[in-house]
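Okay, so here's the structure we're looking at.
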2 protein chains.
Amino acid sequence: MTPRTLDHPDRSEIRLEDVLHALSDPARLQVVCYLAGSGESSCSAIDLAVSKSTSTHHFRVLREAGVIRQVYRGTAKMSSLRREDLDALFPGLLDTVIRAYDTQRAATL
Amino acid sequence: MTPRTLDHPDRSEIRLEDVLHALSDPARLQVVCYLAGSGESSCSAIDLAVSKSTSTHHFRVLREAGVIRQVYRGTAKMSSLRREDLDALFPGLLDTVIRAYDTQRAATL
DNA sequence: GTCAAACTACGAAGACCTTCGTACAAAGGA
DNA sequence: TCCTTTGTACGAAGGTCTTCGTAGTTTGAC
């Protein structure tokens, strides 16, 4: 049997515009910040205010932009940030965005 | 006579998602990086590979997201980065993105 | 073998984005 | 005043994005 696999861009294929676009949606930003704090997580561990199919869509956008890595583990699909790749390509970007997100959230409360 | 004026969000209205979205287009990224190096510039000083109306559109997106400030000066319209506001809201974001853009461009050559 | 859990694939609707051309306006100089 | 420069407004076409529901697949537990 063939294990289910998922396409990921490799490091050299990751484009800044795509990463920024992936991060420009509230739901996806929420996912990224959750993963930054939790490490590897299943899709369902993150409580997004959208349907399951929409959730799948957002995870796919993040994966195809090179922001997260996804692997199947049993019935679950685990996601994690591609920290090493992103830090190597765009030093500081991820941390800056995560901090900005937290700041904005704190200010909005 | 009424001077022509342009709407800008004030600092408290600037949203991270909107800023990231504004930055996720190649033409707009080019504008931002140009302004970072040049200070205030007219729209036509930046040589975008698009028509004038499209150019107007991109400048408007940047302005409405709070990334740039625009003022009329004679027949020209001058644009500049809202550095202070962005640095106060999202420390490091602008610099990180600009550096990432330059890195990516150097790697693509 | 059967069942539940966790996702996916597909198709569709509606909104939004990018692009353009054409026609127009505002300011300043000859 | 007339012309040039610089940019805008409008409308349209074509594409992409986000969202969803429904029906299906894969895996592991019983």
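Order of the sequence lines sets the chain letters (A, B, ...), proteins ahead of strands, with each chain counted from 1.
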Evaluate L86(A) against V67(A) for side-chain contact (heavy atoms from CB on, under 4.5 Å), listing each step before the verdict. CA-CA 7 Å; L86(A) 293 172; V67(A) 179; 4.3 Å; yes
Starting from the C-alpha separation in whole Å, work towards a yes-or-no answer on side-chain contact (heavy atoms from CB on, under 4.5 Å) for H8(A) and R82(A). CA-CA 11 Å; H8(A) 294 78; R82(A) 293 181 64 173; 4.0 Å; yes
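Counting to the nearest Å, the P atom of dG11(D) and the NE2 atom of H57(B) are 17 Å from each other. The NE2-P distance, from H58(B) to dG7(D), rounds to 16 Å in whole Å. Between the CG atom of L6(B) and the P atom of dA26(C) there is a distance of 14 Å, rounded to whole Å. Rounding to whole angstrom units, CG of residue L48(A) and C1' of dC20(D) are separated by 15 Å. As rounded to whole Å, 11 Å separates atom P of dA9(C) from atom CG of D7(A). Residue F59(A) contributes atom CZ, which lies 16 Å from atom C1' of dT18(D) at whole-angstrom precision.
Salt bridge R69(A)/D85(A): present, at least one basic N to carboxylate O contact under 4.0 Å. Under 4.0 Å is where a charged nitrogen must lie from a carboxylate oxygen, and between R83(A) and D95(A) at least one such pair does.
If you take CD on E17(B) and OG on S24(A), they are separated by 8.5 Å, rounding to the nearest 0.5 Å. Here CG of L23(B) is found 8.5 Å from CG of L16(A). Values are rounded to the nearest 0.5 Å. Here the NE2-CZ distance, from H57(B) to R28(B), works out to 5.5 Å after rounding to the nearest 0.5 Å.
The side chain of R73(A) places no N or O atom within less than 4.0 Å of a non-bridging phosphate oxygen (OP1 or OP2) of dT27(D). The side chain of S51(A) places an N or O atom within less than 4.0 Å of a non-bridging phosphate oxygen (OP1 or OP2) of dC20(D).
Annotation: E13(A), atom CD; neighbour count of heavy atoms from other residues, nucleotides and ligands within 6.0 Å is above 12. Within a 6.0 Å sphere centred on CZ of R11(A), other residues, nucleotides and ligands contribute more than 12 heavy atoms.
When each of dT22(D), dT19(C), dT19(D) is scored by its nearest atom to the side-chain atoms of S53(A), the top-ranked nucleotide is dT22(D).
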Short heteroatom pairs, N/O only, protein and nucleotides 4-7 of chain C, under 3.5 Å:
residue : atom : partner : partner atom : Å
dC7(C)  : OP1  : C43(A)  : N            : 3.4
dC7(C)  : OP1  : K77(A)  : N            : 3.2
dC7(C)  : OP2  : S44(A)  : N            : 3.2
dC7(C)  : OP2  : S44(A)  : OG           : 3.1
dC7(C)  : N4   : K52(A)  : NZ           : 3.4

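Contact check of residues 18-41 of chain A against DNA chain C (heavy atom, cut-off under 4.0 Å) returns no residues at all.
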